[in-house]
Structures are given as structure tokens and as C-alpha cells.
Amino acid sequence: MAINSMGVSDNKSDVMWCVYSMYTHELVEITSDIKGFCASANLGKSAYIQIYKTHQICPKKKRPYLPTYKGFFIRRHGNDSISFPDKVLRKPEFLNIYTYPGCELIEKIPFSMLKEWLISKGCSVYGTTPMYATYKRNQKKQFAKLHYKNMFARPVYGDIPDDERKYYDFEIPFPPIVRSDEFRSTKYWAIFNDSLDLVTVTNNIAEFLESTVGIPAERGKMIYATNQVSKRVRDQYPSPITDYFRGYCIRLVEDLEVGTSLPLPKPIGDNALMGGKDLFVWNENDRNSIFSSEDFYASQLVPAYQKTFRTEIIDKEALYLQADNFKNDPVSRVDGKLGAVYASDVSDEEIAMILSALEVKILK
């Protein structure tokens, strides 16, 4: 038997072929006349050439040139070592698009118009793939993706043949409202606005995003980038990936307490502090041995624009007055606990001796 360059037998009666449905893998017909089958199924004049490619192996890819063609694929009758392609589902006629997490219907659109519809909503031209994923579930009934841009889709099929219906997921529930573990943190965060006012201390970032910022928690993950170190080579000192997200930044309370947090960014809000000088501030009610085997008062830098020390709102004017008089009165304290010295003065030999006698260490 001779096979031509397209994988077609010159003597078609020599080979019996099994024609299968690409949707169900069920046998449609056994025939030696593939050309006749294609004609009877109205697949087109040259369809018989293309359908042979579903059996002809590509030498480079080690698989058939085409997995299926117009709903069918073929294998030799009897012993054929070529594996079947994956079952193919028919495309929906329409998609219902819903809000996430509200589950309110936005619009019912033709399946073929999804790309244009997403573009009209300001989404990426590549948004079709993640949107399709919002209605696909694995064998464990888990969604590939809960939502895309706070939207999800549900398919609306046309008439599906009875023998194919078992392969379709017709009862797809709405997605669960799941927040990632980072939103359910047991740690406490200090949240600052862009004027560096301390807005709140909370362990529920999700609630803050929804109630104060006005966005669903899943759209607010970038707020964590305000506390993540940028890896840009040009950065001389550690700095966050972004200074603010929607006008806010966060710091872990435990980092603020021991002086290991990233410095707060420069303020940009209308109520930002202007002028002034940088201070080193310490709390004499809190001796700290985390950096040493010896207890000491750990001073932390409070830039001129910063309104807080650790998680306390401070009286900057009172601290400046104390720093002005530090040499003459090194033991007076603001609120009976906070000491302060100008950052520009710590290299002064006399002030350095006073700080040492007070057991104050400068944490730079």
C-alpha cells in the first residue's frame, strides 16, 4: 500500500478507518472511504485531506498535525497506537457576566463578543483567557479562577446533544467569597494616610479596604507593597515597592515597636508637616534588649515630617523644645516618658556622653 505526502492512501479500500467525534470520543462510523464520509457530513471539498492530518504524525512534534478537524478525528481500525486528543466542549452561545463579590448580573453577551466587550470596559485585549477561567472547574470542583477584574462569567449553552450533556457542567455555582490568608492576618498593622497621620491599628486589612478605601479586599493587595522592600539596584537604602496605595501605607506594629520597620515615606497630603528637624526619640518606660545582651533605651529616628513615634501620636513641638534644651536639661521628658535629641546633634561629643550616661542607644 502506498501513502502519498498528505498521508492519504492511494488505494483507499486498503485501509479501514474509524471516525470519532471530538466531543464525545464515540465512534461515528467505520469506513474505507474518508472522502465519501466528509462529503456526506458536508465538511467541505478538501476536508478529506485535512482530516487525514488528525492521524498523520508531525516528525518534530511527535503528534498529529491536527488533533481534530471540524468535529472529528480518525484512527485506523484495529490496532492503532496514536492516543486520542482531549475531548472538546462546544462553545457557549452566550456569557452572563456578573460582579464579584456582589454576584449581580452586569450583562448577557454573545460568546464571540467577549474580547470586544472587555476592551469596551477598559480591560486588556488578553482578558478573554482569565475570564474563561472563571467558569471552569477541575475534577475536584474547584474554580480555576474566582474572578477577573472583579467580574466572573457563566456560560449559556444552546442545544447540546443528549449523548454529550454528561461532559458539561450546567450547574456552575457562583464563586465563593474567599480572601487570601494575608487578609486574615493575626498580626497588627499600623495604617497611615499620605499626610502620615496614624489612621488606625488593625489586624483586618480587608475591612479597612472595604470600609475606608471603598474597594473589595481582593483589589487592594497592592497595599502590602507599601511595606515590601523594593529590589531595585539603584536604591541606596531600603525603600518600599510603592510609597502609597490609594493614599495609604502600612507598617507592621511589631516592626515599629523595635525599630526594624521600613522608614515611612515622605508625606504628600495637604496636612503634612512642613519644616522642622529630624529627631531621635526614645521611651523611658520601655527598655529594649533585642539588639544587645544589655538593656537600654532604644532611640528611633523620627524625621521632621513624621507625626508618630512607634504607634503613638506625638507632640512634635514639645519634643523640639526638649531637644533645644537637651544639654541644659537632659532629664525632662514629654508626657513623663519621651526623650528627644536632634539627629544633627548626636555626633556632638558632649551630647554623646549624656546619652551614654542615660543608657540611650541611637538606632540608625
Is it the case that the side chains of Asn193 and Asp197 hold a donor-acceptor pair, with the cut-off being a distance below 3.5 Å and no angle test?
yes
**Request:** Check the pair Ile205 / Ile223 against side-chain contact (heavy atoms from CB on, under 4.5 Å), numbers first and verdict last.
**Result:** CA-CA 9 Å; Ile205 293 291; Ile223 199 168; 4.0 Å; yes
With ring centroids as reference points, do Phe94 and Phe111 lie under 6.0 angstrom apart?
no
Any side-chain heavy-atom pair from Tyr157 and Tyr168 closer than 4.5 angstrom?
yes
Looking only at the aromatic ring of each residue, does the gap between the centers of Tyr20 and Phe72 stay below 6.0 angstrom? no
Aromatic contact, Phe73 with His25 (centres under 6.0 Å): yes
**OP:** State whether Phe143 and Arg137 meet the cation-pi test: NZ (Lys) or CZ (Arg) under 6.0 Å from the six-membered ring centroid, and within 45° of the perpendicular axis.
**Re:** yes
Tyr100/Tyr148 under ring pair (Phe, Tyr, Trp, His ring centres under 6.0 Å): CA gap, chis, key distance, verdict: CA-CA 9 Å; Tyr100 182 89; Tyr148 171 67; over 10 Å; no
message: Please confirm whether the ring centroid of Trp189 lies under 6.0 Å from the ring centroid of Tyr224.
response: yes
Find out if a path of hydrophobic residues (ILVMFWY) with successive side-chain heavy-atom gaps under 4.5 Å connects Ile57 to Ile74. no
(message) Tell me if the aromatic rings of Tyr244 and Phe192 count as close, with their centers under 6.0 Å from one another.
(response) no
Worksheet item: Is it the case that Glu107 and Trp117 place a side-chain donor and acceptor less than 3.5 Å from each other?
Response: yes
- request: Look at the side-chain heavy atoms of Ile, Leu, Val, Met, Phe, Trp and Tyr, link any pair under 4.5 Å apart, and say whether Ile314 and Trp282 land in one connected group.
  value: no
Ser261 and Leu256 have their tightest heavy-atom pair at OG-CD2, 3.3 Å
From CA spacing to verdict: ring pair (Phe, Tyr, Trp, His ring centres under 6.0 Å), Phe280, Tyr342:
CA-CA 6 Å; Phe280 277 104; Tyr342 287 122; over 10 Å; no
query: Side chains of Leu301 and Leu279: closer than 4.5 Å at any heavy-atom pair?
result: no
For this session: Given side-chain contact (heavy atoms from CB on, under 4.5 Å), test Tyr52 with Gln50 step by step and report yes or no.
Result: CA-CA 5 Å; Tyr52 274 109; Gln50 301 299 322; over 6 Å; no
| said: Taking the side chain as everything from C-beta on, heavy atoms only, tell me whether Leu319 gets closer than 4.5 Å to Val281. | reply: yes
Sub-6.0 Å ring centroid separation between Tyr23 and Tyr167
no
- prompt: Under 3.5 Å, is there a donor-acceptor pair between the Glu257 and Thr311 side chains?
  reply: yes
Q) Linking I/L/V/M/F/W/Y whenever their side-chain heavy atoms sit closer than 4.5 Å, directly or via other members, would Phe326 and Leu321 fall into one cluster? A) no
